[in-house]
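Just so you know, these numbers come straight off a predicted model, no measurement behind them.
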Amino acid sequence: MVNLGVTLAGVALKNPVIPASGAFGYGREFAEVYDLDILGSFSFKGTTAQARFGNPQPRIAETACGMLNAVGLQNPGIDAVIAEELPNIAKLFHGPVIANIGGNTVEEYAENCRKLDACPQVGIIEVNISCPNVHCGGKNFGSDPKSAAEVTAAVKAATKKPVFLKLSPNVTDIAEIAKACADAGADGLCLINTLLGMRIDLKTKRPLLANRTGGLSGPAVFPVALRMVWDVYEAVKLPIIGCGGISSAEDVCEMMLAGASAVEIGAANLKNPAACKTIIEKLPAVCDRLGVTEISQLTGGAHA
């Protein structure tokens with residue numbers, strides 16, 4: 001028997017598999033496919049202070065080994081999520097969920113965390129710092145160590161829940177950003193967010209996405225995500241949720257060997273709604289082949 005249990009900053013999960021924010025909504029559609037209680041947790045749709053309708057269409061484009069999205073954090077706003085979505089999630093999933101939040105100002109991030117602090121279902125707050133900072137000309141919070149640290153300190157002061165900063169890969173040195181978050185008090189890190197990309201329609205000779213660029217996800221980004229998790233694991237002593245292109249039980253184990261304590265799975269859910277269920281079912285056999293009785297033993301194992 002293999003013990004699939006893992007712990008993230010004191011939050012115990014029955015296994016390391018977590019559907020990623022943006023690819024799982026609030027769980028309703030996936031609950032029609034399988035029992036969500038088999039999951040370690042899930043990160044629900046990115047939430048902002050006010051309702052957002054997202055970017056104009058088209059905002060999804062396929063690529064050879066993944067997809068581009070420029071949805072634009074469409075969501076009903078933090079108050080509606082707390083009042084309407086969390087009670088429904090409680091009927092579908094009975095473990096601790098991860099609340100993914102965004103913001104355009106440091107104050108907005110902190111206020112969202114303050115409101116979520118009173119929600120017992122939320123075990124971890126995942127802070128998306130790939131959002132533009134309106135006070136710095138639209139530059140993403142996660143692209144600058146000082147801004148990343150400022151957000152980290154503000155959200156830590158606003159909640160007693162564990163805070164994981166979700167890092168952008170669109171930077172020169174992701175380890176530098178990770179160190180800034182760690183020094184400012186982060187409880188953990190999640191990486192990577194999507195890589196910036198684009199496609200052009202040969203018929204119209206125009207970008208396929210109305211937003212021109214979008215976030216690349218799917219198997220194409222897995223080697224990049226793996227390398228960045230490796231670099232961050234060497235740079236800081238914080239639990240890491242690894243994500244980016246994971247689509248199999250073998251990928252999960254590889255990401256954990258690089259340094260992740262748990263993983264998030266995004267695009268694979270859109271290709272196969274039962275992807276997470278299948279991966280969880282196959283994990284014990286892969287761990288057995290690797291000679292471990294507890295999956296947590298894999299974390300950082302390739303660094304020895």
**Report entry** Ile241 vs Val263 side-chain heavy atoms within contact, under 4.5 Å
**Finding:** no

Query - Side chain Ser217, main chain Thr194, donor-acceptor under 3.5 Å - result: no

Report summary line: d(Cys190 SG, Leu238 CG) to nearest 0.5 Å is 13.0 Å

Requested in this report: List the steps and the verdict of side chain to side chain contact (heavy atoms under 4.5 Å, CB included) for Ile82 and Cys119.
Outcome: CA-CA 8 Å; Ile82 291 172; Cys119 301; 3.9 Å; yes

Report summary line: Shortest non-hydrogen pair, Ala12 vs Pro96, comes out as O-CG, 4.2 Å

Query raised in the report: Short question: side chain of Asn140, backbone of Ser130 - any donor-acceptor pair under 3.5 Å?
Result: yes

Query raised in the report: Under 4.0 Å between a Lys/Arg side-chain N and an Asp/Glu carboxylate O for Asp187 and Lys156?
Result: yes

Report task. State, to 0.1 Å, how close Tyr26 and Pro76 come at their nearest heavy-atom pair, and which atoms those are. Result -> OH-CD, 3.3 Å

Requested in this report: Decide yes or no for Leu68 and Arg199: does some side-chain heavy atom of the first lie under 4.5 Å from some side-chain heavy atom of the second?
Outcome: yes

Report task. Would you mind checking if Arg114 and Glu107 are paired as a salt bridge, meaning a charged N to carboxylate O distance below 4.0 Å? Result -> no

Query raised in the report: Under 3.5 Å, is there a donor-acceptor pair between the side chain of Asn193 and the main chain of Lys166?
Result: no

**Report entry** Crowding at CZ, Arg206 (>12 non-hydrogen neighbours, <6.0 Å)
**Finding:** no

Report task. Identify the two heavy atoms, one from Val97 and one from Ser41, that lie closest to each other, and give their separation to 0.1 Å. Result -> CA-OG, 3.4 Å

Query raised in the report: Val171 and Gly142: which non-hydrogen atoms are nearest, and at how many Å?
Result: CG1-O, 3.5 Å

Report task. Could you state whether Leu36 and Val33 fall into the same hydrophobic cluster, counting links through intermediate Ile, Leu, Val, Met, Phe, Trp or Tyr residues with side-chain heavy atoms under 4.5 angstrom apart? Result -> yes

Query - Contact check, side chains of Val163 and Thr152, non-hydrogen atoms, under 4.5 Å - result: no

**Report entry** CA sep, side-chain torsions, deciding dist, call: Met255, Ile246, side chain to side chain contact (heavy atoms under 4.5 Å, CB included)
**Finding:** CA-CA 8 Å; Met255 186 64 82; Ile246 296 168; 4.1 Å; yes

Report task. Going by the side-chain contact (heavy atoms from CB on, under 4.5 Å) test, name the single residue among Asn128, Thr105, Ile129 that passes it with Val151. Result -> Ile129

Query raised in the report: Judged by atom type as modelled, is there a donor-acceptor pair below 3.5 Å linking the side chain of Gln121 to the main-chain atoms of Leu86?
Result: yes

Requested in this report: Take atom CD of Glu234 as the centre, draw a 6.0 Å sphere, and report whether it contains more than 12 heavy atoms from other residues, nucleotides or ligands.
Outcome: yes

Query raised in the report: Is the shortest heavy-atom distance from the side chain of Leu191 to the side chain of Pro169 under 4.5 Å?
Result: no

Report task. Might you work through the side chain to side chain contact (heavy atoms under 4.5 Å, CB included) test for Asn170 and Ser143, ending with a clear yes or no? Result -> CA-CA 7 Å; Asn170 303 304; Ser143 64; over 6 Å; no

Requested in this report: Please examine the side chains of Leu226 and Glu254, heavy atoms only from C-beta on, and report whether any two atoms are closer than 4.5 Å.
Outcome: yes

Requested in this report: Please tell me if the side chains of Ile125 and Val155 come closer than 4.5 Å, counting only heavy atoms from C-beta onward.
Outcome: no

Query raised in the report: For Gly102, does its backbone N or O pair with a side-chain atom of Asn112 as donor and acceptor, under 3.5 Å?
Result: yes

Report task. To the nearest 0.5 Å, tell me how far Ile265 CD1 sits from Leu270 CG. Result -> 12.0 Å

Requested in this report: Kindly indicate, with the supporting measurements, whether the criterion salt bridge (Lys or Arg N to Asp or Glu O under 4.0 Å) is fulfilled by Lys271 and Glu62.
Outcome: CA-CA 11 Å; Lys271 183 178 180 181; Glu62 289 187 54; over 6 Å; no

Report task. Take Gln50 and Thr48 through the test side chain to side chain contact (heavy atoms under 4.5 Å, CB included) and record every step on the way to the result. Result -> CA-CA 6 Å; Gln50 305 300 323; Thr48 51; 5.5 Å; no

Report task. Give a yes or no on whether the backbone of Asp37 and the side-chain of Lys14 come within a donor-acceptor separation of less than 3.5 Å. Result -> yes

Query - Ionic contact status for Lys115 with Asp79, cut-off 4.0 Å - result: yes

Query raised in the report: Salt-bridged, Asp231 to Arg227, with N to O below 4.0 Å?
Result: yes

Query - Between NE2 on residue His303 and OG1 on residue Thr299, distance to nearest 0.5 Å - result: 10.0 Å

Query raised in the report: Salt bridge or not for Arg28 and Glu85, using N-O below 4.0 Å?
Result: yes

Query raised in the report: Can you tell me if Asn75 uses its side chain to pair, donor with acceptor, with the backbone of Leu73 under 3.5 Å?
Result: yes

Please report, to 0.1 Å, the donor-acceptor pairs under 3.5 Å made by any side chain of residues 274-285, with sequence neighbours excluded.
{"unit_1": "Lys277", "atom_1": "NZ", "unit_2": "Glu281", "atom_2": "OE2", "d": "2.6"}
{"unit_1": "Thr278", "atom_1": "OG1", "unit_2": "Ala274", "atom_2": "O", "d": "3.1"}

Query raised in the report: Considering all heavy atoms of both residues, which atom of Val229 and which atom of Ala260 are nearest to each other, and what is their separation?
Result: CG1-N, 3.8 Å

Query raised in the report: Out of curiosity, Lys45 NZ to Ile101 CD1, how far, rounded to the nearest 0.5 Å?
Result: 15.5 Å

**Report entry** Over all atoms of both residues, closest heavy-atom pair of Gly40 and Leu13
**Finding:** O-CD2, 3.4 Å

Query - salt_bridge(Glu126, Lys161) N-O dist < 4.0 Å - result: no

Query raised in the report: In Å and rounded to the nearest 0.5 Å, what is the CG to CD distance from Asp144 to Glu176?
Result: 8.5 Å

Report task. Treat each ILVMFWY residue as a node, draw an edge where side-chain heavy atoms are under 4.5 Å apart, and state whether Trp230 and Leu165 are in one component. Result -> no

**Report entry** Candidates Phe44, Phe42, Phe30 - the one meeting ring-ring contact (aromatic ring centres under 6.0 Å, His included) with Phe93
**Finding:** Phe42

Query raised in the report: Do Val224 and Met67 belong to the same hydrophobic cluster, where Ile, Leu, Val, Met, Phe, Trp and Tyr are linked whenever their side-chain heavy atoms lie under 4.5 Å apart, directly or via other members?
Result: no

Report task. Answer whether the closest heavy-atom distance between the side chains of Leu167 and Cys181 falls below 4.5 Å. Result -> yes

Query raised in the report: Going hydrophobic residue to hydrophobic residue with side-chain gaps under 4.5 angstrom, can you get from Ile78 over to Val71?
Result: no

Query raised in the report: Got Pro58 and Leu208 here, is their nearest side-chain heavy-atom distance under 4.5 Å?
Result: no

**Report entry** Straight-line distance of Gln297 CD to Cys287 SG, nearest 0.5 Å
**Finding:** 9.0 Å

